[in-house]
Amino acid sequence: MSLAAAPHRELGLTDAEFDGICERMGREPNALELAVFSLMWSEHCAYKHSKKLLRLLPTDGPHILMGPGENAGVVDVGDGLAAAFKVESHNHPSAVEPFQGAATGVGGILRDIFAVGARPVAILDSLRFGELDSPRSRYLFDWAVKGIGHYGNSIGVPTVGGEVYFEPAYEQNCLVNAMCVGLAPRERLIRSAAAGVGNQLVLLGARTGRDGIGGASVLASAELSEEDESKRPTVQIGDPFEESKLVECCLDLLERELLASLQDLGAAGLSSSSSEMASKGEVGLDIDVSRVPLREADMEPFEIMISESQERMLCVVEPRLLDDVLALCERWDVRATVIGEVTDTQHLRVFDGDELVGDMPVDALVDDVPLYELEPEEPSEPIYPDPPVRLDEEASAGDTLLALLASPNIASKRFVFEQYDAVVGSRTIRRPQSADAAVLVLEPDGGSGALAVSIDGNGRRVACDPYTGAVEAVLECARNLACVGAEPLGLTNCLNFGNPEKPHIAWQLTRAVEGLRDACLALGVPVVGGNVSLYNEGGGGPIYPTPVVGMVGKLPEPSAVPRTGFAEEGHAIAVVGMFEPALAGSELEKLRGRLADSLPPLDLAAHADALVRVRAAVRGGGLPTAHDISDGGLACALAECCIEGGLGARVSVDSDDASLFGEGPGGVIVAGPRELIESLDAAVVIGEVGGEVLDIEGVGSVPVAELRAAYEGAIPAAFAS
Amino acid sequence: MRARVLIRPKAGILDPQGQAVERALPALGFEGVANVHVGRLIELDVEDASEVPQMCERLLANPLIEDYEVVELKEEAA
Amino acid sequence: MKFGVVRFPGSCDEVDALMACRRFAEAELLWHGDTDLQGIDAVVVPGGFSYGDYLRVGAIARFSPLMESVIEFAHEGGPVLGICNGFQVLCEAGLLPGALLPNDSLRFVCRQVDVIVENTDTPFTRACAAGDRLSIPVKHTTGRYYAPEGTLPDEQVVLRYAPGHNPNGSMDDVAGVCNEGGNVMGLMPHPEHAVDLLTGSADGGRLFESLAMVPA
């Protein structure tokens with residue numbers, strides 16, 4: 001067997017871990033068992049360095065139907081409907097092969113959603129690359145977007161939102177985080193615990209090949225280096241057409257109540273799915289790899305167990321229902337094969353025909369994995385180099401505004417979102433750039449009102465101050481929801497960080513999770529699930545610490561949802577919420593070549609109240625325009641309202657840099673009929689919509705056409721050859 | 001028998017894929033490249049080689065916008 | 001009046017098309033593997049990636065058992081509307097002149113565009129006035145319309161992209177065409193995604209409204 005000569009270290013296990021495996025097994029593992037352990041005990045599967053820390057996060061809430069630990073978090077959205085959602089990373093595979101890496105990232109998160117019985121109805125993606133002047137970053141960005149579009153568009157699930165950031169810190173380690181939201185009638189929800197000794201284990205979907213062997217899991221547990229080319233042949237390849245059949249088949253099986261449990265196959269393939277199902281159910285599983293339909297000849301048992309071939313699901317079926325399951329799968333043209341059964345041994349036993357080729361205690365694979373304490377230490381020196389200077393300190397306010405609008409972090413992402421089908425399913429009533437969150441009506445599914453979804457993060461600000469930066473990410477996401485009148489029901493997060501064994505990274509991770517915790521508690525929003533991606537470092541250093549936050553909220557009246565654009569001449573413009581802008585950590589500071597070493601502290605309780613006020617103002621109705629103030633500060637937000645609405649504005653505000661371009665959570669621009677605006681709680685009226693220029697009194701004015709040219713032209717210009 | 005069919009866009013029809021490749025090659029240091037066209041390759045084992053052109057006409061190619069060429073008929077099936 | 005909306009493996013927008021049709025008349029889904037058109041009065045071939053777009057867009061779908069029935073229905077004068085992938089299928093089936101090629105940008109494009117109604121003398125546009133401007137989204141990678149010289153008479157151009165709105169390089173800004181008999185139409189924009197002001201525009205509804213009117 002090809003692994004016989006490979007020591008555990010080559011598979012990423014430490015000597016102590018190897019000893020731990022021998023102890024739990026009562027003997028040394030054979031090659032197949034070692035391969036399985038190496039994946040189940042990898043950081044990606046076992047969360048060795050993050051599990052203890054994640055226990056800090058609040059997970060209780062009045063709307064929660066399924067919390068962390070299941071394939072996806074699920075919340076009650078009323079009218080007997082449930083919304084499932086989760087975000088996951090596919091960073092390392094995307095750095096190796098961006099098209100398939102991003103595509104299979106989408107495929108994987110879709111499977112997590114229909115694994116709980118929900119029909120996927122929306123995709124969002126949060127992407128980070130190096131600066132666009134780097135050909136490699138342009139290449140990764142271009143192909144990751146194509147990959148996401150390819151998978152989402154082909155399977156008929158709309159991609160309705162997302163974000164993209166460009167920072168030198170991501171040059172060697174891009175981030176691709178994919179979020180999916182699904183809907184289910186509550187009765188169709190299903191858990192993944194295998195149960196019922198004697199029940200049959202059935203493998204659904206694509207045939208098994210050598211995709212990703214030693215792929216996602218191992219890659220995600222090691223820093224990327226020069227040898228990446230050799231990992232390329234084992235990249236996972238996605239087939240959205242196969243997955244579309246799988247979705248319909250699984251949902252149909254669940255409608256007819258034919259399944260005892262369901263689980264998707266992702267990282268580490270059969271070995272992780274089966275052991276996790278067995279662990280949750282406190283049972284054992286016998287698997288016969290000779291029964292697994294194969295795409296390639298001569299696959300060894302260990303390869304079959306760890307293959308990451310896509311578009312496969314595992315289900316547990318009572319023997320009396322097996323024929324019905326197989327018949328239904330045939331109708332949907334989905335391959336279905338009995339590959340094993342549930343036992344009471346509490347072991348995962350792998351057979352090749354009659355021969356026992358692997359026998360592992362389930363809890364050694366899943367629950368009894370060594371967890372490590374982080375050893376955080378605040379760094380005494382800056383971790384990251386200053387960004388390159390791109391803007392003169394002496395630039396005028398007008399030039400500064402245009403430079404910010406043209407900065408890829410702020411500029412329009414139309415280049416990206418026009419490559420995504422945002423409308424299939426007929427639920428989308430606010431498409432990208434037209435509002436601060438995506439809005440999907442629930443009426444087609446028999447519900448009332450609408451869901452709002454957003455995904456947000458700012459790695460650079462977290463790099464300046466991991467605690468406050470993480471708090472801000474949660475506030476930003478909730479603020480985007482508030483701008484469409486939605487109340488958050490739950491939060492999913494993806495923690496993208498460097499090597500946690502390094503004390504300064506452990507410090508970033510710890511402080512960020514503490515920030516997430518405190519923000520979630522202050523807002524009363526529970527964490528329903530998420531993902532951790534560590535070891536995002538290369539020779540050039542770690543990525544910015546990047547917690548990405550996704551939220552789903554509900555709003556009662558879809559016809560009253562504001563847009564980001566100014567709507568009518570004569571409308572009054574005001575700032576509501578709680579806006580205390582500062583230059584530290586801002587995009588302007590980045591253009592000036594500076595990275596702050598802290599962010600101003602926040603009064604969380606006050607911000608929580610401010611959010612409630614903003615939401616109430618929007619829900620009050622009749623408010624045509626609402627846009628949150630984020631990257632680039634007030635001036636950029638105003639410019640965006642002008643560009644999107646095709647109308648100018650005349651405003652009077654403080655003219656210092658911090659007031660115009662400073663950033664910070666809590667501020668929202670609203671516009672509408674003067675009487676309505678002036679009646680809003682704590683609204684500060686700053687001006688009026690009208691004309692063809694954005695005129696800031698005492699500072700200057702810029703024609704809307706020029707603002708638009710800078711904002712819309714920046715990213716396409718990077719690709720014009 | 002093993003047949004190989006090459007399918008290419010008809011001359012005169014805009015071929016943006018060919019143009020994209022033509023633009024990308026000089027950036028990698030290859031000069032003097034022109035007239036690039038991107039098409040498809042289909043290989044199949046057949047019992048009656050004379051049926052292949054009909055397969056092209058009916059399914060494998062769209063004669064309105066594509067030309068096809070049955071390039072190589074190997075005697076042995078692969 | 002009953003619409004039949006075809007469903008292939010890989011169709012994406014068939015349910016959207018079904019819901020759009022149901023705003024104007026009865027409608028049901030027709031499975032690609034069947035041959036029975038179930039007495040419907042008009043066929044809608046929807047958007048998506050039928051059969052994964054394998055080989056060529058629409059190339060395999062056009063041979064499905066149901067499409068054989070649709071072709072017969074069309075030859076007998078029955079109204080058939082092909083949307084996006086459906087347009088591609090109808091061209092492959094020879095029911096419409098021309099073919100759809102990759103967008104000149106080589107990228108998928110999802111965008112709201114304006115189209116101008118050029119021909120109101122069809123069962124698909126009789127509820128419109130000549131020159132009407134309709135706002136409808138497009139979403140495709142392979143939507144650049146092409147027809148060899150002399151194969152597309154002017155009166156068979158039903159919809160044209162408004163100036164500046166051509167998203168894919170289509171010849172002469174052609175967005176939708178019909179056959180000589182005027183009973184088969186294909187268009188790249190998606191009218192089923194423009195039937196409700198809440199989602200952005202209700203202009204697409206006019207095509208379904210036209211079809212649902214008492215047949216001439």
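In what follows, chains carry the letters A, B, and so on, assigned in the order in which the sequence lines appear, proteins first and then strands, with residues in each chain numbered from 1.
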Novice: Counting a contact as any heavy-atom pair under 4.5 Å apart, which residues of residues 436-444 of chain A contact chain C?
Specialist: A:Val441
Novice: Are more than 12 heavy atoms from other residues, nucleotides or ligands located less than 6.0 Å from atom CD of A:Glu330?
Specialist: no
Novice: Count the heavy atoms belonging to other residues, nucleotides or ligands that lie under 6.0 Å from CD of C:Glu28, then report whether that count exceeds 12.
Specialist: yes
Novice: Which residue, C:His193, C:His190, C:Lys139, forms the side chain to side chain contact (heavy atoms under 4.5 Å, CB included) with A:Asp421?
Specialist: C:Lys139
Novice: Any Lys/Arg nitrogen of C:Arg107 or A:Asp142 sitting under 4.0 Å from an Asp/Glu carboxylate oxygen of the other?
Specialist: yes
Novice: What's the spacing between A:Arg431 CZ and C:Arg111 CZ if we round to 0.5 Å?
Specialist: 12.5 Å
Novice: Rounded at 0.5 Å granularity, tell me how far CZ in A:Arg414 sits from SG in C:Cys110.
Specialist: 11.0 Å
Novice: Do you know which of A:Ser244, A:Ser559, A:Gly156, A:Gly425 has the most heavy-atom pairs under 4.5 Å to chain C?
Specialist: A:Gly425
Novice: Rounded to the nearest 0.5 Å, what's the gap from CZ on C:Phe108 to NZ on A:Lys146? Could you check?
Specialist: 14.0 Å
Novice: Where is the tightest heavy-atom contact between A:Ile155 and C:Cys12, given as atom of each residue plus distance?
Specialist: C-SG, 4.2 Å
Novice: Is atom CZ of A:Arg563 surrounded by more than 12 heavy atoms (other residues, nucleotides or ligands) closer than 6.0 Å?
Specialist: no
Novice: Given heavy-atom pairs under 4.5 angstrom as the criterion, report whether the side chain, backbone, both or neither of C:Val15 touches chain A.
Specialist: neither
Novice: What part of A:Ser154 gets closer than 4.5 Å to chain C, counting heavy atoms only: side chain, backbone, both or neither?
Specialist: both
Novice: Mind checking ring-ring contact (aromatic ring centres under 6.0 Å, His included) for C:His140 and listing every partner two or more places apart, or none if nothing turns up?
Specialist: none
Novice: Does any part of the side chain of A:Ser426, heavy atoms only, come nearer than 4.5 Å to the side chain of C:Thr199, both counted from C-beta?
Specialist: no
Novice: Does any part of the side chain of A:Asn153, heavy atoms only, come nearer than 4.5 Å to the side chain of C:Phe49, both counted from C-beta?
Specialist: yes
Novice: How far does OG of C:Ser105 sit from CZ of A:Phe719, to the nearest 0.5 angstrom?
Specialist: 13.0 Å
Novice: Within a strict 4.5 Å, meaning less than it, do heavy atoms of the C:Pro9 and A:Asp333 side chains meet?
Specialist: no
Novice: Among C:Thr141, C:Asp16, C:Asp196, single out the residue with the greatest number of heavy-atom pairs under 4.5 Å to chain A.
Specialist: C:Asp16
